[in-house]
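Below: one structure, written as structure tokens.
Just follow the structure's listing: the first ligand is 1, and inside any ligand the first atom is 1. Here, residue 1 is the first one in the sequence, and each next residue gets the next number.
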Amino acid sequence: MKGKEGAFTKQMISLVIPVYNEEDTLPALMERIRPVMSEMERPYEIILVDDGSRDRSLEIMTGFAESPEVRVAELTRNYGQHAAILAGFSIVRGQIVVTLDADLQNPPEEIPRLINTMEEGGFDVVGTIRRGRKDSFFRILPSRIVNWVARKITGVRMTDWGCMLRAYRRPVVERMIACHEHATFIPALATHFGKRVTEIEVAHEERYGGKSNYSLRKLINLQFDLVASFSELPIKLIMYGGILLAVLGVCFGVVLAVARLVYGAHWAAQGVFTLFAILFAFVGLQFFALGVIGEYIGRIYREVRKRPEYVIERIYDGDLPQAGEGA
Ligand code: UDP
Ligand code: MG
């Protein structure tokens, strides 16, 4: 669609915001979103997904839901950021869907630029790159590793994997919901389902209040979600590694045999210890391999059980009785 047409048929925008223990930031978040959205002069809605918060977040959000453009989806427990976003996706009404974090690290003032880029360039997905990231070194370093590994392994070309301030067209969102995948990574999934994808730079701010919900354990989990749901590389690596080690083992055996012939039996007795060392290496490798295979089997098991990736307990809606399930 060209820019001109877009001006006549201004498409509705749905903001989807996952919220997990953000009582400190929610009021400020809404205060900053509202003027930005009303300035754009087009229909919009704000969908707040309560991802099982244990503080007063839900109470604050249901207060917001009094106004007609805000809806709150209450999940039954904490499902994780990406599942919460999917839950939000399932009830969107707009044609353009924008995701952002609740902690104000993604400035809402960047939303108009995202939309303009999408409409002027006719893109399906507009990703973002965080300019001047305001996080601690210990939060940035793992992300750098995540970004690098993610790019290498999945082959999905995305510069900054962690920034959730992104815009998707409705069909892309619907394709993502239709996946029914557990343990997924939304930005990567979107690049699979959008044909025209682009990235722009956006500002990044300090967390407004509270603290990051991602511990190192959660980050490692997310990383494995990413790797395991988009590639079988870990399994292949083990296979290649196993083959390589086997070949090396045989070569080493030959070397030992030759040395035995050259230096005699006395020398070979010491070689027993080398063999022990090799054995230990193999045992270690096997355990590692079992661990990775176990990880995959665990994931298969989770998929097979077909548990829903999220359950919406209730939708708080100011004007309309109850939203129908999306997709
Ligand atoms: N979040 C969520 N469920 C979780 C963890 C986080 O919905 O289990 C939300 C959180 O409320 C925030 C966003 O996801 O809106 C990003 O979380 P956070 O700021 O803690 O992550 P970071 O910025 O450190 O990556
Ligand atoms: Mg954050």
Side-chain angles (χ1 to χ4, degrees), residues 14-33 46-61 64 70-91 97-108 110-111 127-147 150 158 160-166 182-188 202-226 309-313:
S14 297
L15 297 188
V16 174
I17 309 174
V19 177
Y20 180 54
N21 298 343
E22 304 281 6
E23 59 180 4
D24 297 339
T25 67
L26 280 170
L29 176 76
M30 294 304 275
E31 227 162 79
R32 276 179 61 182
I33 288 179
I46 303 171
I47 295 175
L48 299 164
V49 185
D50 174 51
D51 189 16
S53 298
R54 263 166 291 182
D55 60 1
R56 289 181 46 249
S57 296
L58 182 65
E59 196 186 319
I60 298 170
M61 285 190 280
F64 294 142
V70 181
R71 270 186 297 158
V72 175
E74 177 190 355
L75 303 189
T76 53
R77 63 169 172 90
N78 179 244
Y79 288 89
Q81 184 184 359
H82 293 264
I85 293 173
L86 277 182
F89 281 174
S90 74
I91 56 168
V97 180
V98 175
T99 57
L100 74 155
D101 286 352
D103 59 1
L104 279 171
Q105 286 197 288
N106 306 138
E110 300 278 16
I111 296 172
T128 47
I129 306 164
R130 283 169 286 188
R131 189 182 334 113
R133 237 186 116 175
K134 297 273 180 7
D135 273 317
S136 73
F137 172 77
F138 291 101
R139 184 64 190 80
I140 291 184
L141 185 72
S143 302
R144 284 261 160 87
I145 300 172
V146 169
N147 285 345
M158 192 160 32
D160 188 352
W161 289 69
C163 190
M164 292 309 288
L165 179 60
R166 289 165 189 271
H182 294 243
T184 194
F185 199 83
I186 288 169
V202 293
H204 189 242
E205 290 174 12
E206 212 99 41
R207 208 171 210 291
Y208 183 83
K211 57 177 173 38
S212 172
N213 290 309
Y214 277 101
S215 57
L216 190 62
R217 187 183 59 80
K218 262 192 166 175
L219 269 182
I220 290 173
N221 240 335
L222 190 69
Q223 173 75 345
F224 211 98
D225 282 351
L226 180 60
E309 51 267 67
Y310 55 81
V311 176
I312 300 179
E313 172 84 26

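Atom 19 (O) of ligand 1 has Asp103 OD2, 2.5 Å as its closest protein atom, hydrogens excluded (heavy atom only). Given atom 20 (O) of ligand 1, the protein heavy atom at minimum distance is Asn213 N, 2.5 Å. Annotation: atom 21 (O) of ligand 1 to nearest protein heavy atom, Tyr214 CD1, 3.2 Å. Among protein heavy atoms, atom 25 (O) of ligand 1 sits closest to Arg139 NH2, 2.7 Å. Counting only heavy atoms of the protein, atom 23 (O) of ligand 1 lies nearest to Gln105 OE1, 2.7 Å.
When all heavy atoms are compared, the tightest approach of Val97 to Phe89 is CG1-CE2, 3.5 Å. For the pair Asp51 and Arg77, the tightest heavy-atom approach, listed with the atom from each and the gap, is OD1-O, 3.4 Å. The shortest non-hydrogen separation linking Ala102 to Val19 is CB-CG2, 3.9 Å. The two atoms that bring Glu23 and Ser57 nearest to each other are N-OG, 3.2 Å, heavy atoms only. The shortest non-hydrogen separation linking Cys163 to Asn106 is SG-ND2, 3.8 Å. Here the closest heavy-atom approach between residue Ala87 and residue Ile312 is recorded as O-CD1, 4.0 Å.
Taking 4.5 Å as the limit, some side-chain heavy atom of Ile33 sits within range of a side-chain heavy atom of Pro108.
Residue Asp103: an N/O/S atom is found under 2.8 Å from the Mg ion (ligand 2). Put simply, Ser212 stays out of reach of the Mg ion (ligand 2), with no N, O or S atom under 2.8 Å from it.
Of the N or O atoms in Asp51, one or more lie within a sub-3.5 Å distance of an N or O in ligand 1. Taking distance alone, with nitrogen or oxygen atoms compared against 3.5 Å, Pro18 approaches ligand 1 more closely than that limit.
Within the listing of ligand 1, atoms 18 (P), 19 (O), 20 (O) sit less than 4.0 angstrom from a heavy atom of Arg207. Atom numbering of ligand 1 starts at 1 in the shown order; those under 4.0 Å from a heavy atom of Tyr20 are 1 (N), 2 (C), 3 (N), 4 (C), 5 (C), 7 (O), 8 (O), 11 (O). If you number the atoms of ligand 1 from 1 as listed, the ones under 4.0 Å from a heavy atom of Asp101 come out as 13 (C), 15 (O), 16 (C). Of all atoms in ligand 1, listed by their number and element, those nearer than 4.0 Å to a heavy atom of Asn78 are 3 (N), 4 (C), 8 (O). Residue-ligand proximity, Ala102 to ligand 1, at heavy-atom distances under 4.0 Å covers atoms 12 (C), 15 (O). When each atom of ligand 1 is checked for a heavy atom of Ser212 under 4.0 Å away, the hits are 20 (O), 21 (O), 22 (P), 24 (O). Using a 4.0 Å cut-off to heavy atoms of Glu22, the atoms of ligand 1 that qualify are 10 (C), 11 (O), 12 (C), 15 (O).
Taken from CE in Met61 to CD1 in Ile46, the straight-line distance is 12.5 Å, to the nearest 0.5 Å. Once rounded to the nearest 0.5 Å, the distance linking CG of Leu58 with CD of Glu74 reads 4.5 Å. Here OG1 of Thr25 is found 6.5 Å from CZ of Arg207. Values are rounded to the nearest 0.5 Å.
Both the backbone and the side chain of Gln81 come within 4.0 Å of ligand 1, counting heavy atoms alone.
The main-chain N or O of Leu165 is never found under 3.5 Å from a side-chain atom of Thr99 such that the two would form a donor-acceptor pair.
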